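In what follows, chains carry the letters A, B, and so on, assigned in the order in which the sequence lines appear, proteins first and then strands, with residues in each chain numbered from 1. From a predicted model like this one, the values you see are computed outputs, not experimental measurements.
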2 protein chains.
Amino acid sequence: MMIAEVSKKFNLSQDTLRYYERIGLIPGVNRNKSGIRDYTEEDCRWIEFIKCMRNAGLPIEILIEYVGLFQQGDETVEARKELLIEQRNQLVARIEDMRETLERLNYKIERYEQAVIPAEHELKKLED
Amino acid sequence: MMIAEVSKKFNLSQDTLRYYERIGLIPGVNRNKSGIRDYTEEDCRWIEFIKCMRNAGLPIEILIEYVGLFQQGDETVEARKELLIEQRNQLVARIEDMRETLERLNYKIERYEQAVIPAEHELKKLED
DNA sequence: TCTTGACTTGGAGTTGACTCCAAGTGTTAC
DNA sequence: GTAACACTTGGAGTCAACTCCAAGTCAAGA
């Protein structure tokens with residue numbers, strides 16, 4: 001699979017794909033005889049995984065560490081598991097934070113909906 | 001309230017507080033006779049609100065817009081409401097994304113838990 | 001053969017969000 | 001009164017995460 005296809009498939013720019021490879025965020029991609037990247041199915045699974053994790057806010061640094069551990073083989077299974085658990089816990093916390101903020105936004109919106117044409121002194125209240 | 005207190009109260013650096021004021025992310029703070037910032041209760045409520053929203057990932061640019069609208073008075077109530085609704089919708093989407101990623105992480109961790117000492121060919125599977 | 005176009009590389013530039021710094025001023029402690 | 005300290009300002013520097021660029025290579029079509 002050529003870089004152009006992969007780029008479209010995952011909606012990541014070619015520059016981003018090359019950048020991810022360069023910094024070790026995805027394992028090195030094979031080149032064909034003329035030096036052009038040829039992505040395997042496994043490469044694509046990595047990219048999809050990384051994209052998903054990045055989307056959820058996991059830092060690149062941590063993901064590079066994970067990929068590195070993976071490439072070192074079976075001795076790192078425990079370390080990888082711990083890394084994932086740590087990130088899972090942080091994700092749970094972030095989601096909870098966001099859920100609280102969401103409720104707050106909903107409350108604020110509701111108040112805006114009730115106040116059809118609010119008077120000046122009521123506007124202040126809207127910022128509670 | 002002096003900047004040092006506010007900084008501690010909200011766990012934001014003094015630099016960040018000054019930066020937020022400079023870019024219009026919080027309305028201008030009054031100074032005392034000697035030119036030193038003196039935060040009112042209302043200033044604090046803004047800071048707390050902004051911190052909460054930033055935490056949930058709302059971009060600074062949007063929040064500046066919101067503050068700007070607020071300062072323009074009652075004509076902007078509708079615009080503010082729409083801005084909040086748009087941000088609420090995006091937040092809902094982000095939370096849903098993160099929830100999905102969380103499930104994926106949980107699944108991965110479970111698999112790591114089951115594979116006590118996995119053989120080489122099983123390691124590949126762990127990356128599904 | 002010549003050009004077009006998709007790719008390659010290493011490195012520089014950008015963006016968002018801070019974070020730090022230098023130079024200056026006003027209040028407090030001795 | 002002078003040293004220490006907390007603050008002021010405008011501007012420069014930093015960091016993560018891309019994003020863009022110049023110069024070069026290679027395969028395919030007119």
d([atom1], [X]; [atom2], [N]) in whole Å:
| X | N | atom1 | atom2 | value |
| --- | --- | --- | --- | --- |
| A:Ile47 | D:dC18 | CD1 | P | 13 Å |
| A:Lys51 | D:dC18 | NZ | P | 11 Å |
| A:Glu21 | D:dC18 | CD | P | 15 Å |
| A:Leu12 | D:dC18 | CG | P | 8 Å |
| B:Gln14 | C:dC18 | CD | P | 16 Å |
| A:Leu17 | D:dC20 | CG | C1' | 15 Å |
| A:Asn30 | C:dC7 | CG | C1' | 16 Å |
| B:Leu58 | C:dG16 | CG | C1' | 15 Å |

Handout entry: Residues B:Glu113 and B:Lys108 bridged, charged N to O under 4.0 Å
Key =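 No, no charged N to carboxylate O under 4.0 Å.
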Of the nucleotides [options], which has the atom closest to the [X] side chain?
| X | options | result |
| --- | --- | --- |
| A:Arg31 | C:dT8, D:dC18, D:dT8 | C:dT8 |
| A:Tyr19 | D:dA17, C:dC21, D:dC20 | D:dA17 |
| A:Met2 | D:dA17, C:dC7, D:dC7 | C:dC7 |
| B:Ile36 | D:dC7, C:dC7, D:dC18 | D:dC7 |
| B:Ala4 | C:dT19, D:dC7, D:dC21 | D:dC7 |

Practice task
Between B:Gly35 and A:Arg18, just flag the one whose closest nucleotide in DNA chain D comes earlier from the 5' side.
Solution key: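 Nearest nucleotide further toward 5': that of B:Gly35.
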[N] OP1/OP2 closer than 4.0 Å to side-chain N/O of [X]:
| X | N | value |
| --- | --- | --- |
| A:Arg37 | C:dC7 | no |
| B:Arg54 | C:dG16 | no |
| A:Thr16 | D:dT19 | yes |
| B:Ser34 | C:dT27 | yes |

Problem - Over all atoms of both residues, closest heavy-atom pair of A:Ile95 and B:Arg99 - result: CD1-N, 3.9 Å
Practice task
Ignoring hydrogens and angles, state whether a donor on the side chain of B:Asn30 or B:Arg37 is under 3.5 Å from an acceptor on the partner side chain.
Solution key: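 No - no donor-acceptor pair under 3.5 Å links their side chains.
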Problem - First encountered from the 5' end of DNA chain C, between B:Glu61 and B:Lys33 - result: B:Glu61
Handout entry: Validation row: B:Tyr112, A:Val77 side chains within 4.5 angstrom (heavy atoms)
Key =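 B:Tyr112 vs A:Val77: side chains touch.
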Practice task
Side-chain contact test, heavy atoms from C-beta onward, threshold under 4.5 Å: evaluate it for B:Ile3 versus B:Tyr39 and give yes or no.
Solution key: yes
Handout entry: Cation-pi, B:Tyr20 ring and B:Lys51 (6.0 angstrom, 45 degrees)
Key = no
Exercise for the section: Mind checking B:Ile23 for me? I need base, sugar-phosphate or nothing, with any heavy atom below 4.0 Å counting as a touch. Expected result: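 It contacts nothing in the nucleic acid.
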Practice task
Name the nucleic acid region contacted by A:Arg22, choosing base, sugar-phosphate or nothing; use a 4.0 angstrom heavy-atom cut-off, strictly under.
Solution key: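 A:Arg22: base contact, heavy atoms under 4.0 Å.
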Practice task
May I ask you to verify whether the side chain of A:Asp15 and the base of D:dC20 hold a donor-acceptor pair under 3.5 Å?
Solution key: yes
